[in-house]
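As structure tokens, the structure follows; a few thoughts come after it.
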Amino acid sequence: MFQLLEPNRIFSITSKAPKYVLLLFILVVSIGLTEALILSPEDYKQSHSVRIMYVHVPAAWISLGIFSTITILSIVGYIFKIKNFFLISKSLAPSGFVFNLIALVTGSIWGKPTWGTWWAWDARITSMLILALFYLMYLIAWRIYEDKEQVFKVTSIITILGIINVPIIKYSVDWWNTLHQPASINILSKSTIHSSMLVPLLIMTAAFALFSLLIFLMKYNTELIKIKNKGLDRL
Amino acid sequence: MISEIFYMDGYGIYVWGSFAFTFLSFMSLYLVIKNQYEREKNKFIVKFGNLNSERAASARLQRINREILSNTSTI
């Protein structure tokens with residue numbers, strides 16, 4: 001099965017896919033923006049400021065999802081010595097980091113009209129900031145270390161340490177008294193968000209997921225060409 | 001109607017500010033990654049052009065090299 005993930009085999013797919021993903025992203029984000037900024041209702045408490053949710057929440061979800069994926073790929077890649085998993089992880093990290101930054105900045109902007117402050121050292125916000133630092137360490141590690149074995153080891157350690165923070169982010173609003181509101185969307189129990197807000201939220205999440213897929217594909221292709229460049233040097 | 005969309009009962013600056021930051025982040029990330037991609041691809045084309053005919057023929061045997069040279073991945 002792992003042979004199917006061999007870079008030479010999948011380049012022919014990944015090199016053609018970005019343009020289709022970009023078109024699909026433009027279509028989905030256009031629908032999402034119309035829903036989020038015009039059609040969805042305002043909140044009875046937060047008024048129009050609730051619209052920030054449509055960029056803040058998907059960005060936070062995707063940054064957490066990408067970090068979890070990177071961790072799983074790094075651990076499996078390290079145990080079974082699958083170099084391509086590290087290449088996939090490396091290609092996922094930039095969009096994960098940018099989504100993390102978007103979640104932090106839009107959360108801060110949302111905090112001003114809602115809490116009266118741009119920033120609070122609250123458990124959810126602080127743990128998201130810590131995640132951004134782990135992303136940063138991960139990206140820097142790829143730049144610092146040139147030896148492959150060393151970079152695989154260091155990045156795996158960073159993701160293993162960083163993943164401890166992910167359940168803390170998720171449950172911080174339940175474990176501590178925080179300014180941040182508890183989750184409105186639950187997979188296992190009934191969500192407390194109305195469908196008129198849930199639909200645009202899901203559309204925007206799909207758009208953000210498509211954008212991260214687009215960036216992943218472009219970065220992955222870049223990394224493959226980088227490897228091929230080194231191969232040409234050896235010819 | 002239009003001014004209502006922009007003003008949003010005084011929350012417009014926060015809402016539009018958040019969406020603008022997101023848009024700028026997306027654009028910056030896209031351009032940075034695209035730039036890296038183009039740089040590596042151009043490097044590859046130059047290196048491939050510098051190969052002698054025997055080595056170029058050997059490199060051309062690999063499907064991935066042909067894909068890179070065929071320019072299919074440009075978006």
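Note on naming: letters A, B, ... go to the chains in the order of the sequence lines (proteins, then strands), and numbering restarts at 1 for each one.
Ring planes of Phe26(B) and Phe25(A): tilted class, angle from 30 to 60°. The aromatic rings of Tyr14(B) and Tyr11(B) are tilted relative to each other, their planes meeting at an angle between 30° and 60°.
Of the listed residues Val29(A), Ile38(A), Thr106(A), the one with more heavy-atom pairs under 4.5 angstrom with chain B than any other is Thr106(A).
Remark: Trp119(A) pairs with Trp121(A) by the ring pair (Phe, Tyr, Trp, His ring centres under 6.0 Å) rule, at least two apart or across chains.
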Next item on the list: Start with the C-alpha distance between Gln36(B) and Lys219(A), add both sets of side-chain angles, then the distance that settles side-chain hydrogen bond (donor to acceptor under 3.5 Å, both in side chains), and finish with yes or no.
Entry: CA-CA 8 Å; Gln36(B) 286 177 357; Lys219(A) 181 75 180 156; 3.0 Å; yes
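Put simply, CG on Leu64(A) and CE on Met128(A) are 5.0 Å apart, with the number rounded to the nearest 0.5 Å.
Neither the backbone nor the side chain of Ser108(A) comes within less than 4.5 Å of any heavy atom of chain B. Interface remark: Leu29(B) contributes backbone and side-chain atoms alike to the contact with chain A (heavy atom separation under 4.5 Å). For Phe99(A), the part sitting under 4.5 Å from any heavy atom of chain B is the side chain, from C-beta outward, and nothing else. Proximity to chain B (any heavy atom under 4.5 Å) is restricted, for Met204(A), to the side chain, taken from C-beta onward. Interface residue Ala36(A): only side-chain heavy atoms are found under 4.5 Å from chain B. The contact between Leu101(A) and chain B is made entirely by backbone atoms, counting heavy-atom distances below 4.5 Å. At a 4.5 Å heavy-atom cutoff, Phe216(A) makes no contact with chain B through either its backbone or its side chain. For a residue to count as touching a neighbouring chain, one of its non-hydrogen atoms must lie under 4.5 Å from one of that chain's; by this rule Glu42(A) touches chain B with the side chain only. Of the two parts of Phe21(B), only the side chain, counted from C-beta on, holds a non-hydrogen atom closer than 4.5 Å to a non-hydrogen atom of chain A.
The closest side-chain donor-acceptor pair between Asn221(A) and Ser15(A), if any, does not fall under 3.5 angstrom. For Asn35(B) and Tyr30(B), the side-chain atoms include no donor-acceptor pair closer than 3.5 Å.
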